[in-house]
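Read the structure below first, then the notes.
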Amino acid sequence: MSEREDDLRLERELREVLRERDPGPAPYGLRRRVARIPDTVSSGGSPLTRRLSRAVIPVLGLAAAITLLVLALPLLGPMGTGTGAGPSAAPVATFDPTVRGPGLVPPPPVEAEGIVVAALVLGIVLAVVGMRRERWLGFAALIVVAIVGYAGWQVLATDAVAGPVASSGGIGVRDGDLAPGSSGPYPVYITAGPGQPFSIGFSVENGGPLPIRLEGVVLDPNLPDPATFPTFRALWRDDAPDGLTGPAAPFSSIDLAPGHSAGLWLVGTAGNCAAGPSFAIDGTSFVGMPALRVRYTVLGIPRMDTIALPFDPMQPFPPGGCPS
Amino acid sequence: MGEPLRDEKALALRVIDSRPETFCRLVDRHLDGSYRLAAVILGDRVEAEDAVHDAAVAAWRGFGELRDPDRFDAWFRRILVNGCRDRLRVRARRRVVEVGRELVESEHPRVPDASEATAVRDALGRAIDTLEPDERVMVSLRFHADLTVPAIAETLGIPEGTVKSRLHHAMGRLRAAMAEADR
């Protein structure tokens, strides 16, 4: 049997199978049920109302996506150009490490990863649901979601790192020697006396493709006993080029273009058990400081990164340890 | 459902004055064809009744949107077919196992009919039941409602090329089932 005859036979048999499934005219019960519909079911309002109600979800999706885009667009301009303004201007003052100031901030309640993922999931769901109701609105929402998704990816690719100018050289500290054969961070001893201020200098660089706004150093809410351990008190900024030597200014948020860095002074006070300026390295116990984390925003979305400093601040205890 | 309705336009134009009556008369004219199509697609008369009723409810709710009365036939068929397709999809998701039927068939194995034609139709019937919901709807529209490919595409709201490719795929599976039954 030829293929053509096969197809004709298949079609004939198929029609026969479907005809066998045909039950004939609609039963009387169905006819009565349908006839009662206008009496038992409301007609669903005017065409305009129906169209509006159908468009609610896609419009919401589009609105949410556009809102995200509007928030992101003003900051998308300098993306990737590397021509940002760098550190913004701040009033210069005499550096005074005894002054307690701003720049120590709590961790952000939600970080970019959660925000970006939630926004994308919400946008995609609304766009897909919207597409089933009003196709053009769904497509529009999907396009906006794609743009926002790209921006979100750029946000996640942006990070803050230790800048090229990173030094311990502040007051109340002294650089130690790196152990022979070691390539790790070199020790910096806090030589400030008990309760006395010390400062360490470092710089933060925008290592990603988008501008960031540096908001400060994150103060760990679970810091150890401040009576024993060194405590952060303030953050100062050093606007002098190639510096960390002052003059400086109390910290205010800093806008950093990609590749730009800002010099900062982290000021703290030594614990009540600090050994002070004279101590012998051999036989002395030390307490370290928590990892340095900075908080910043990318496209207005909060992020937090740990800065890997090239030095390791340590506070020595007096001989015999810290009396309890 | 497919027969020409010469006075359908005039009938629908009187909607403003007598919407419920007009709606009932329009639906009633298409009720037999709709029920038969739903039964063929779903393979279940009771479910077909529910599908037609649900489609009529949806049509009544959207009756005010119908601007061109000549389109009532295609418009109502589209609502009905979409409803049937949704039911098939729900059925596929539930993966209903008809335990009772399986038990009966295992205790009393079905004896193949001696007639070759009947065996082929049995095989085709089973193959239709295993088609994807979209394919099953298309096969029913094509070979029971005798719709053309463009009409099927319009009914389902998809491109003609998609209809052709899915019909081609479905026919391939049905052809294989028939060939298997011939052996």
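In the text below, chain A, chain B and the rest are named by the order of the sequence lines, each starting its count at 1.
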Verdict with reasoning, A:D6 to B:R175, per salt bridge (Lys or Arg N to Asp or Glu O under 4.0 Å): CA-CA 8 Å; A:D6 253 356; B:R175 192 177 294 110; over 6 Å; no
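Ranked by heavy-atom pairs under 4.5 Å with chain A, the list B:M171, B:R142, B:H53 is led by B:H53. Chain B forms the most heavy-atom pairs under 4.5 Å with one residue out of A:R31, A:R19, A:E20, and that residue is A:R31.
Heavy-atom distances place both the backbone and the side chain of B:V57 under 4.5 Å from chain A. Neither the backbone nor the side chain of A:D39 comes within contact range of chain B, judged by heavy atoms closer than 4.5 Å. If you measure heavy-atom distances from B:I128 to chain A, the contacts under 4.5 Å come from the side chain alone.
The closest donor-acceptor contact from the side chain of B:T162 to the backbone of B:I158 lies at 3.5 Å or more, if one exists at all.
Using a 3.5 Å distance cut-off with no hydrogens or angles, the side chains of A:N206 and A:Y296 do not pair a donor with an acceptor.
Classified by interplanar angle (parallel below 30°, tilted 30° to 60°, perpendicular above 60°), the ring pair B:F72/B:W75 is tilted.
Here the closest non-hydrogen pair linking B:L174 and B:L124 is O-CD2, 3.6 Å.
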